[in-house]
Amino acid sequence: MGQKKEYFRKPVVRVETARIRFPRVCPVCGKTASHTAKIQVVSGRKEYLVRSWDPYYSRYARRSMQSTSAPAKILPIYVCDDHQFLDAGHERYRTFCIVIDGFAMAFMFFALIFVGDALWRGKPIGFIPIGFTIFFAACMIASYFAFRPNALERAVRLVGFDAGIQNVLFLFENDWYRDEFVRENAMTAGLISWIIKND
């Protein structure tokens with residue numbers, strides 16, 4: 001197994017997980033924070049599209065099933081009123097998009113058959129395949145907005161962690177917030193521009 005250097009486009013902050021402190025300003029806009037959001041450090045356990053599909057989500061299952069991986073760590077981060085992300089209904093919207101995308105792909109398959117048949121016979125393309133294509137495009141656009149990271153996830157990105165989640169690596173979109181974060185964690189944080197990864 002070889003090793004290679006991976007360089008980051010911007011300096012990344014490496015900080016001790018146990019002593020991490022986020023500045024009390026919003027990482028997106030810089031306003032004084034009034035709420036707390038959560039960043040979850042995934043510990044390697046299988047992740048599910050919908051939380052209710054996860055067998056560990058049920059408290060009864062958690063009692064009877066033993067997890068083989070270390071528990072995930074939750075890190076609190078301060079945000080303002082405008083950028084507080086509420087999870088209510090978001091997972092249902094994503095699940096709905098996945099189901100509708102399945103129908104859209106089936107309709108697009110039939111649209112391609114209709115288009116191929118029309119081209120083979122030398123006839124004009126009908127309204128049905130055009131409608132299916134528009135429906136497919138609209139579903140893809142809706143899915144893009146459903147699954148893209150929100151403003152907070154774009155401003156503070158967790159790019160990695162070491163074994164046992166002793167240290168985490170953050171990539172901050174705004175340089176002023178990165179500098180404030182390093183000042184807040186002066187004893188445990190440092191800037192790095194590359195890491196060594198195993199192939």
Side-chain angles (χ1 to χ4, degrees), residues 6-54 56-57 69-98 100-101 139-162 164-195 197:
E6 181 179 333
Y7 291 89
F8 299 106
R9 61 180 177 84
K10 293 175 70 174
V12 169
V13 180
R14 180 177 181 264
V15 62
E16 285 184 25
T17 312
R19 300 169 63 186
I20 191 169
R21 291 189 311 177
F22 287 94
R24 290 186 174 271
V25 294
C26 180
V28 182
C29 62
K31 293 180 182 175
T32 303
S34 53
H35 297 282
T36 303
K38 295 176 183 176
I39 296 176
Q40 180 174 357
V41 182
V42 179
S43 58
R45 186 164 62 83
K46 184 177 179 181
E47 294 296 309
Y48 292 83
L49 290 173
V50 180
R51 190 183 303 159
S52 59
W53 295 352
D54 186 352
Y56 289 98
Y57 181 64
S69 59
K73 292 185 181 293
I74 304 294
L75 305 176
I77 181 170
Y78 301 104
V79 294
C80 67
D81 288 331
D82 297 334
H83 297 108
Q84 181 189 17
F85 177 71
L86 300 176
D87 197 26
H90 194 68
E91 289 179 352
R92 284 195 298 272
Y93 176 55
R94 286 183 170 181
T95 305
F96 179 72
C97 281
I98 291 171
I100 296 300
D101 286 348
C139 288
M140 293 301 105
I141 292 170
S143 295
Y144 167 76
F145 285 107
F147 286 95
R148 74 172 182 166
N150 60 43
L152 178 60
E153 291 169 336
R154 291 193 299 272
V156 180
R157 215 176 93 205
L158 178 68
V159 294
F161 48 86
D162 58 12
I165 319 181
Q166 300 298 318
N167 298 283
V168 291
L169 302 175
F170 284 110
L171 177 62
F172 298 108
E173 184 178 33
N174 297 311
D175 294 342
W176 55 264
Y177 187 82
R178 181 193 64 210
D179 297 340
E180 185 67 27
F181 181 86
V182 171
R183 276 195 295 272
E184 192 78 25
N185 300 274
M187 301 297 292
T188 59
L191 296 176
I192 60 173
S193 57
W194 56 271
I195 59 172
K197 291 185 71 175

Mind listing the side-chain donor-acceptor pairs of residues 142-153 below 3.5 Å, one per line with the distance, residues two or more places apart or on another chain?
unit_1: S143; atom_1: OG; unit_2: D101; atom_2: OD1; d: 3.1
unit_1: S143; atom_1: OG; unit_2: D101; atom_2: OD2; d: 2.5
unit_1: S143; atom_1: OG; unit_2: C139; atom_2: O; d: 3.0
unit_1: N150; atom_1: OD1; unit_2: L152; atom_2: N; d: 3.1
unit_1: N150; atom_1: OD1; unit_2: E153; atom_2: N; d: 2.8
unit_1: E153; atom_1: OE1; unit_2: N150; atom_2: N; d: 3.0

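Between P27 and I77, the closest side-chain pair of non-hydrogen atoms falls below 4.5 Å. The side-chain heavy atoms of L75 and L158, taken from C-beta on, include no pair separated by under 4.5 Å. Within the 4.5 Å cutoff, side-chain heavy atoms of L191 are placed close to those of V13. Using a 4.5 Å heavy-atom threshold, the side chains of T32 and C80 count as separate.
Considering CZ of F22 and CD1 of I39, their distance stands at 4.0 Å, rounded to 0.5 Å. Atom CG in N167 sits 9.5 Å away from atom CD1 in I192 (nearest 0.5 Å). R14 contributes atom CZ, which lies 10.0 Å from atom CD of Q166 (distance to the nearest 0.5 angstrom). Taking CG from D179 and CD from E184, the interatomic distance works out to 13.0 Å, rounded to the nearest 0.5 Å. Note that NE2 of H83 is 8.5 Å distant from CZ of R154, once rounded to the nearest 0.5 Å. Between the OG1 atom in T17 and the CZ atom in R19 there is a gap of 12.0 Å [rounded to 0.5 Å].
A salt bridge does not link D81 with K31: every distance from a Lys NZ or Arg NE/NH1/NH2 to an Asp or Glu carboxylate oxygen is 4.0 Å or more.
Scored by the ring-ring contact (aromatic ring centres under 6.0 Å, His included) test, F172 finds F170, Y177, F181 as partners (sequence neighbours excluded).
Here the shortest heavy-atom pairing between R9 and L171 reads NH2-CD2, 4.0 Å. Nearest approach of W194 to Y7, heavy atoms of both residues: CB-CD2, 3.6 Å.
Taking a 6.0 Å sphere around CZ of F8, one finds it holds more than 12 heavy atoms contributed by other residues, nucleotides or ligands.
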Check your understanding: Should D175 and K10 be marked as a side-chain contact (heavy atoms from CB on, under 4.5 Å) after you check the CA-CA gap, both sets of side-chain angles, and the distance that decides it?
Key -> CA-CA 9 Å; D175 294 342; K10 293 175 70 174; 3.2 Å; yes
